[in-house]
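Accompanying notes for the structure given below.
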Number of protein chains: 4
Amino acid sequence: MQFLSDNAAPVHPRLWEAMRAADAPDTPYDTDALSRELDARFSALFGRECAALWVATGTAANCLALATMVDPHGGVVCHEEAHIEMDECGAPGFYLHGAKLLLAPGNGAKLTADAIGEVLAGITRGVHQVPAQAISITQASEYGMVYRPDELAAISALAKQHDLGLHMDGARFGNAAAFLGGAPAEVAGPVDALSFGMVKNGGMGAEAVILFDTAKADMIRFRRKRAGHLQSKGRYLAAQIHAMLDDDLWLENARAANAAAAEIAAAAGDRLVYPVEANEVFVRMNADERAALRERGFAFYDWGDVCVRMVTSWATNPDHVRLLAKAVSAL
Amino acid sequence: MQFLSDNAAPVHPRLWEAMRAADAPDTPYDTDALSRELDARFSALFGRECAALWVATGTAANCLALATMVDPHGGVVCHEEAHIEMDECGAPGFYLHGAKLLLAPGNGAKLTADAIGEVLAGITRGVHQVPAQAISITQASEYGMVYRPDELAAISALAKQHDLGLHMDGARFGNAAAFLGGAPAEVAGPVDALSFGMVKNGGMGAEAVILFDTAKADMIRFRRKRAGHLQSKGRYLAAQIHAMLDDDLWLENARAANAAAAEIAAAAGDRLVYPVEANEVFVRMNADERAALRERGFAFYDWGDVCVRMVTSWATNPDHVRLLAKAVSAL
Amino acid sequence: MQFLSDNAAPVHPRLWEAMRAADAPDTPYDTDALSRELDARFSALFGRECAALWVATGTAANCLALATMVDPHGGVVCHEEAHIEMDECGAPGFYLHGAKLLLAPGNGAKLTADAIGEVLAGITRGVHQVPAQAISITQASEYGMVYRPDELAAISALAKQHDLGLHMDGARFGNAAAFLGGAPAEVAGPVDALSFGMVKNGGMGAEAVILFDTAKADMIRFRRKRAGHLQSKGRYLAAQIHAMLDDDLWLENARAANAAAAEIAAAAGDRLVYPVEANEVFVRMNADERAALRERGFAFYDWGDVCVRMVTSWATNPDHVRLLAKAVSAL
Amino acid sequence: MQFLSDNAAPVHPRLWEAMRAADAPDTPYDTDALSRELDARFSALFGRECAALWVATGTAANCLALATMVDPHGGVVCHEEAHIEMDECGAPGFYLHGAKLLLAPGNGAKLTADAIGEVLAGITRGVHQVPAQAISITQASEYGMVYRPDELAAISALAKQHDLGLHMDGARFGNAAAFLGGAPAEVAGPVDALSFGMVKNGGMGAEAVILFDTAKADMIRFRRKRAGHLQSKGRYLAAQIHAMLDDDLWLENARAANAAAAEIAAAAGDRLVYPVEANEVFVRMNADERAALRERGFAFYDWGDVCVRMVTSWATNPDHVRLLAKAVSAL
């Protein structure tokens with residue numbers, strides 16, 4: 001019974017269908033019909049003009065988006081436990097040619113305008129310090145917490161005041177949207193670029209980079225090619241994305257994952273380390289309790305000594321969820 | 001009737017099957033069973049120990065392989081019309097952190113030991129010049145010509161003499177193997193790293209990087225992650241690769257493409273610019289002739305003013321081939 | 001008798017004086033009085049607003065200037081024998097983070113608008129190719145030839161038409177100015193950035209980077225620091241530059257070097273490979289003739305099999321010049 | 001009365017003499033007699049074979065040294081207030097092509113083997129994290145504290161155990177040596193590379209990079225050229241270095257600076273934040289006290305709200321020191 005991560009779930013059947021339907025020959029790279037429709041498709045979804053490109057991974061999506069905002073000598077304010085800082089093997093250093101991540105603290109891996117402001121306030125020594133040029137936040141955060149529209153507005157206001165780009169890592173954007181229940185534009189807030197995640201939400205190997213600053217679209221297309229991320233059979237990636245948007249499959253999948261997490265959360269009660277707003281559940285548990293759960297067939301990650309992480313996905317078996325909830329509440 | 005490129009053909013049915021079979025949950029990245037078998041699989045294929053990694057594109061494969069051989073201040077000798085020089089938007093400059101391509105001429109985009117030697121002979125001014133650290137050749141070449149084992153041996157000897165790495169871009173390695181008819185080890189020759197192409201040969205989005213210098217395998221795994229090329233659902237890429245190797249599907253597909261090209265070549269006669277050894281046919285043709293063929297429904301690329309390029313694939317319709325051959329011979 | 005290069009001549013006495021005069025404590029980096037005056041000083045010299053920064057070497061000056069114009073995924077059109085291509089160990093690849101030099105031919109290492117246009121005309125395949133973003137020319141050229149104002153105007157017009165930056169490597173800008181006899185603004189033409197060379201012209205270790213696009217001044221100051229080129233005792237570099245501009249010492253020195261070269265050129269007659277417009281003389285000479293001259297104590301570089309290079313400087317001993325001229329004419 | 005920094009003091013008279021003596025023409029770059037003697041000179045000083053190169057700045061020295069140890073995908077463990085982290089505008093990110101600084105805490109900006117070990121212990125997730133490849137320490141530290149031989153031995157043992165390079169930023173190496181009183185080899189300990197600082201200790205624009213791993217000397221020479229740090233009149237830098245080593249001028253200068261700092265420290269008594277072991281004095285002081293001192297003509301930096309930083313140099317006027325000591329003790 002797998003609660004390790006949402007990143008290894010199967011591919012959703014409707015995506016398989018869409019990929020097979022794309023099997024007829026078409027023109028290569030992103031010149032096929034499906035790829036060419038992405039700009040329009042996401043512009044409609046967000047209700048404002050944007051450019052949309054497929055790439056295979058969230059790491060590439062994040063880094064390509066940030067590269068439109070940050071000079072090699074610049075910096076990106078992000079949470080000290082952000083995925084770009086912790087889990088991408090220095091990919092931002094590679095894609096941004098040595099630019100620096102400027103770390104801020106924050107509960108549940110969420111940044112606040114105050115915490116960002118403190119980082120910015122420390123940059124006072126001119127050319128001797130790396131200047132901040134962008135802010136990157138994660139929606140939902142690495143601990144499954146969701147930025148509310150007013151929080152996004154406050155961060156955006158700060159970004160504008162300091163002339164910084166604003167990037168959102170949306171590896172679990174769908175889960176945040178399912179939680180907030182609002183329009184995608186509200187979930188993203190006034191960001192300049194968004195990594196719209198799909199792989200954790202039923203995709204195979206396609207994420208969408210969304211640029212609301214469409215003047216940068218040309219640049220990012222060059223950078224994608226240069227990074228070896230312009231696949232020649234791009235239509236199979238575009239097909240996944242279209243299928244995910246059709247009839248809001250992305251929301252449907254995310255709701256399923258969130259519901260499963262909520263069920264476990266309810267059972268965990270005051271063992272919860274963070275409020276469960278998306279599909280990740282962090283539960284305080286000692287070594288004996290962990291062992292007991294594992295003995296019974298539940299797989300999950302230790303998250304330091306204090307707690308464990310349990311993640312659900314669109315494909316998590318509801319029976320497994322029920323069993324886990326029961327086991328957790330019985331601890 | 002499509003003769004533009006082999007890079008937009010459909011995915012082979014046996015790869016679809018293999019991907020669907022991989023749909024059960026497994027562990028992420030390259031920790032799944034299929035990915036873990038790749039080293040052994042390619043070691044068996046080449047009869048010598050190697051490390052094998054999947055990546056989505058040939059550009060990534062080439063650049064990651066070269067990154068194991070070349071310092072940021074070093075250089076790579078390659079043909080002046082090599083794909084890494086002409087078609088990858090400076091990807092080697094990105095992945096190699098500013099290293100330089102050192103260009104050599106050669107008929108049919110093939111390098112000779114002599115031509116490489118001349119480039120090396122020009123590097124005499126110590127720290128003022130970029131030092132060569134690797135050679136990159138393409139098998140089959142950008143003009144569809146194939147290196148013979150003795151040619152590979154001569155280039156390898158030169159590489160060893162100058163302490164250079166030797167990389168082979170095998171975007172059309174299958175076509176070269178189908179032409180030579182020998183063991184894969186002979187087709188690759190004594191190279192240190194090989195980009196084993198699959199996408200042009202029936203794949204969806206998986207190529208294999210083969211490192212015969214296994215001491216570098218660790219490094220390239222970090223670099224793949226850092227480049228955003230470590231897909232979390234890597235099992236779908238591994239599945240493609242296994243399916244391609246099963247029962248030598250890669251050779252079967254390449255033979256079909258080569259046979260189609262040979263049929264057109266036979267019809268072209270002395271209009272051929274290069275001997276046709278793989279699946280690319282370069283045919284001298286004036287503007288009127290090109291127009292006439294296009295009028296009849298054949299799609300192909302102009303290759304300068306003198307000739308056109310026609311490319312076949314495993315999926316090229318034999319009827320289309322026959323019609324094209326007939327039309328060309330009638331010119 | 002040294003005719004190897006102008007880059008190892010002694011430091012001019014007036015620069016020594018100026019450096020000693022700067023020995024009083026002042027504030028560090030470029031916050032001292034002398035450094036802060038550079039913008040105004042060069043704005044006056046060129047009759048248009050500019051930002052001016054000291055750096056220690058021409059390589060750093062060229063690369064920092066180009067970094068204000070070229071993205072990591074972009075390209076710089078330059079002569080195939082330009083210093084940035086031939087002699088800087090890949091420094092542009094380092095400073096521009098992998099950007100590419102796009103080479104054009106041209107007599108005497110001079111580019112023409114036509115030759116540049118031809119390179120630009122070959123860039124047609126979108127994201128698959130490196131896009132040109134700047135042109136770099138050398139005044140005087142690597143073969144000691146000087147761009148005339150109309151040639152600069154033509155190149156600048158082309159740059160504007162294609163939205164490219166225009167950079168001038170002025171390692172021997174003084175020699176070009178001495179030859180043309182016009183105002184510095186005419187010698188530079190409408191370039192966006194200029195590496196104003198001093199080390200070959202009597203300096204110790206200070207060159208000036210001039211940015212006519214002052215909006216980029218901020219960026220280049222960060223980049224200079226990041227490259228380890230912001231010396232803490234910058235006032236000694238600024239002092240050299242001011243001394244060089246005082247009473248047009250830079251022109252006086254360059255005139256002396258040019259006159260020495262002209263004397264040798266007159267003696268060489270139709271052995272000259274290029275017209276001698278600055279301080280470099282390329283003389284056709286066979287092996288025996290070279291040996292004979294060296295036997296008599298003249299030091300100079302072979303330039304391939306056909307000719308030798310003889311360079312003069314502000315400090316070249318006039319007696320040595322006379323002896324060399326005599327010896328060359330007697331060949 | 002200047003106590004802001006040692007980095008803007010004048011150039012020592014014996015260095016001026018040595019530079020003037022180098023004014024005769026010699027061969028360029030580092031092929032002159034003085035530059036060629038540096039390896040032998042420093043090998044003798046440290047009693048073990050090393051390669052020694054001049055560069056203009058400590059930033060370049062640090063970064064070039066680290067580049068011999070760290071891959072672009074690697075990391076460097078350093079103190080969270082190290083100069084390379086705080087004051088070099090991301091230069092390590094540039095020179096190391098995106099490699100990451102891995103920060104550790106420690107009193108007085110000194111690292112302990114334990115603190116380093118804790119950073120290393122956190123690197124457990126394979127390719128998802130940046131692997132540590134080097135440790136960088138500063139002797140004397142950014143707060144003027146000195147590593148003792150046993151502390152260096154412990155850190156070196158840890159480095160060896162984890163196969164990490166060990167770099168020492170010796171911007172104030174002379175001050176540490178003057179404090180410890182031992183042989184240079186003891187002050188450096190078993191490091192692999194040392195930035196031997198001179199500019200803060202009486203130099204104009206020359207520091208020495210010392211590589212005890214001489215196999216890397218070739219590589220660093222290429223990198224220096226590529227970074228635009230190979231000055232053509234290198235003999236003037238070499239001359240500074242030789243003069244500094246002659247009759248232990250570097251120690252004499254450092255002793256003078258340390259003595260001045262000690263005098264102020266004695267006056268500060270329990271207002272000291274850190275023990276004064278080199279030439280930096282951090283004194284607790286409120287706003288009124290700061291204002292009072294400045295009123296009387298003393299210049300120094302605020303170091304946050306709690307304390308100020310006062311730095312002495314070889315050239316600090318002893319009368320000023322006496323006056324400052326008196327003023328501080330009278331607070």
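Values reported hereafter were calculated over all heavy atoms of this structure, with side chains retained and with hydrogens, waters and symmetry mates removed. Lettering follows sequence order; numbering is per chain, from 1.
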- For D/Ser313, is it the side chain, the backbone, both, or neither that has a heavy atom closer than 4.5 Å to a heavy atom of chain C? neither
- Is it the backbone or the side chain of D/Phe94 that comes under 4.5 Å from a heavy atom of chain C, or both, or neither? both
- Item | Residues D/Trp16 and C/Asp23: side-chain donor-acceptor under 3.5 angstrom | yes
- Which of the residues C/Gln231, C/Arg20, C/Met204, C/Lys225 is involved in the greatest number of heavy-atom pairs with chain D at under 4.5 angstrom? C/Arg20
- Note on the structure: Ranked by heavy-atom pairs below 4.5 Å to chain D, first place among C/Ala299, C/Gly203, C/Cys63, C/Ala227 goes to C/Ala227
- Region of D/Asn7 that comes under 4.5 Å of a non-hydrogen atom in chain C: both
- Euclidean distance, C/Phe3 CZ relative to C/Leu324 CG, rounded to 0.5 Å: 4.5 Å
- Pick from C/Val11, C/Leu64, C/Thr59, C/Val55 with the largest number of heavy-atom pairs that fall under 4.5 Å of chain D: C/Val11
- Query: So among C/Leu66, C/Val76, C/Val130, which one has a side-chain contact (heavy atoms from CB on, under 4.5 Å) with C/Leu101?
  - Reply: C/Val76
- Please flag which part of D/Leu230 lies under 4.5 Å from any non-hydrogen atom of chain C: side chain, backbone, both or neither. backbone
- Message: Under a 4.0 Å threshold between the charged nitrogen and the carboxylate oxygen, would D/Arg322 count as salt-bridged to D/Asp319?
- Response: yes
- Salt bridge or not for C/Arg224 and C/Asp30, using N-O below 4.0 Å? yes
- Does the ring centre of C/His229 sit less than 6.0 Å away from the ring centre of D/His229? yes
- Judged by atom type as modelled, is there a donor-acceptor pair below 3.5 Å linking the side chain of D/Thr68 to the main-chain atoms of D/Ala65? yes
- Task: With a 4.5 angstrom heavy-atom cut-off, could you sort out which part of C/Tyr236 is near chain D: side chain, backbone, both or neither?
- Result: side chain
- Query: Of all of C/Lys200, C/Arg223, C/Glu88, C/Gln2, which one pairs up most often with chain D through heavy atoms under 4.5 Å apart?
  - Reply: C/Glu88
- Heavy-atom pairs under 4.5 Å with chain C, option from D/Ala315, D/Ala60, D/Pro28 with the top count: D/Pro28
